[in-house]
Amino acid sequence: MKLDVLYFAWLRERIGLGQECVETNAETVSDLVEELRAREDRYDLAFSDLASVRVAVDQELTSFDAPLSDAREVAFFPPMTGG
Amino acid sequence: MKLDVLYFAWLRERIGLGQECVETNAETVSDLVEELRAREDRYDLAFSDLASVRVAVDQELTSFDAPLSDAREVAFFPPMTGG
Amino acid sequence: MPKLRVQTEEFDAGGELNLFTQSQFGMGAVVSFSGIVRDVTGGLQSLEIEHYPGMTERAIESILAEAVSRWDLGDALVIHRYGSIPVGAPIMMVATAAPHRSDAFQAAEFLMDYLKSRAPFWKKEVTRQGADWVAAQDHDEDALKRW
Amino acid sequence: MPKLRVQTEEFDAGGELNLFTQSQFGMGAVVSFSGIVRDVTGGLQSLEIEHYPGMTERAIESILAEAVSRWDLGDALVIHRYGSIPVGAPIMMVATAAPHRSDAFQAAEFLMDYLKSRAPFWKKEVTRQGADWVAAQDHDEDALKRW
């Protein structure tokens, strides 16, 4: 399947892009993260401390064990600092 | 001693005046209230339910057993409804 | 440092909030409360507010000093009107400025709770049928217990 | 019914508060919170705020709906900026209107607590020395637990 993968804040900066289209068979967010880390050092570095990474699937905050079936958009970002 | 005695809200309306000068030997607020009630029905009526009357001596909220020595101004009013 | 005004004139809550905010330095959080005359029963024409000149200022200044001593505040503002106030018009406002939001929120709630029951104001509701003093509410007195 | 704006433009907090207040009917209590860029360390030039278009609106609308379902509110407003914001300028504001002050205060605090940790905004502090992402604070995450 094809997924839009988005990166924000320091994840965007470390990976060097804000959005990309990913062809993947990952079943969960964790699987997707493993695939991305295996690609290149900059991904591996960006995801090296998952405790400081949050994930949204189709714009809803979720957890790393969330399934990706029917997902169209996955976003990774640090803990939010709004307000 | 001479005291300025002030009345606010429905106490003012029932007694029919907002301020008067009272010559008294009352030692406490309660003594003063008794003297006022003995004067006329309108005072007696105004002070008939002391649970709904508050008192300030020299502009500080206090209780009915507060002494009046050195007091210059005593005010009676219902529970406050500001804000 | 805290600012207090007791007045009959209408005031512009938004304009006051902006002036208050612009006079701050290094404060990340500004909280305001405005109280508006509300027609609960459907027949209210105006509110008549009586107060105790002299004691009003003393009581509110003491409430403000207490707020400043309890929370990390940059500044605080209280404006309270008396006299006749039509339905929909502002009765009073409180504003607080603090480095952090929790101080600003707590101080504003504290000021409101104390103004409700400890500042010498009395409200009378004027309707076509007549006028009646607003009774103090137990939950307003109870609200003081949490501080 | 609740109003939401996510924008780069500066806004006039006082003007927004007045518009919000004037659009109410029968609400006795209006609470506002404004967040201002604060120079904590003494070298801050501006704040850069990044957000997640689409999710930002969804997240805040869901927070607003939750507030409306929990408290007796007449209305609520959230304005949040993104992009570059200089020291002293407003970042965001929240306003709530309710018949009673406790609902207005609680809903405003709830909205702020959720906006801090659940709306997809990220702040970067720009100083002469460089730029650094603001770390999320444990006490902001902890603040959610009380609701």
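Here is how names work: the chains are called A, B, and so on, in the same order as the sequence lines, proteins then strands, and each is numbered from 1.
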Toward chain A, the part of Arg81(D) with a non-hydrogen atom under 4.5 Å
neither
Among Arg118(D), Met92(D), Glu48(D), Lys116(D), which residue forms the greatest number of heavy-atom pairs with chain A at distances under 4.5 Å?
Lys116(D)
Other residues, nucleotides and ligands only: do more than 12 of their heavy atoms fall within 6.0 Å of CG on Asp49(A)?
yes
When the 4.5 angstrom heavy-atom criterion is applied to Arg54(A) and chain D, the contacting part is neither
Taking CD in Glu27(A) as the centre, count heavy atoms belonging to other residues, nucleotides or ligands within less than 6.0 Å. Is the count above 12?
no
With a 4.5 angstrom heavy-atom cut-off, which part of Ala56(A) approaches chain D: side chain, backbone, both or neither?
side chain
Are more than 12 heavy atoms from other residues, nucleotides or ligands located less than 6.0 Å from atom CZ of Arg128(D)?
no
Could you name the residues of residues 50-66 of chain D that have a heavy atom within less than 4.5 Å of a heavy atom in chain A?
Glu50(D), His51(D), Tyr52(D), Pro53(D), Gly54(D), Met55(D), Arg58(D)
Could you pull out the closest heavy-atom pair between Val134(D) and Thr81(A), with the gap in Å?
O-CG2, 3.5 Å
For the backbone of Ala9(A) and the side chain of Lys124(D), can you confirm whether one donor and one acceptor N or O come within less than 3.5 Å of each other?
no
Could you check whether atom CZ of Phe64(A) has more than 12 heavy atoms from other residues, nucleotides or ligands sitting under 6.0 Å from it?
yes
Any chance CZ of Arg72(A) has more than 12 other-residue heavy atoms, nucleotides or ligands included, within less than 6.0 Å?
no
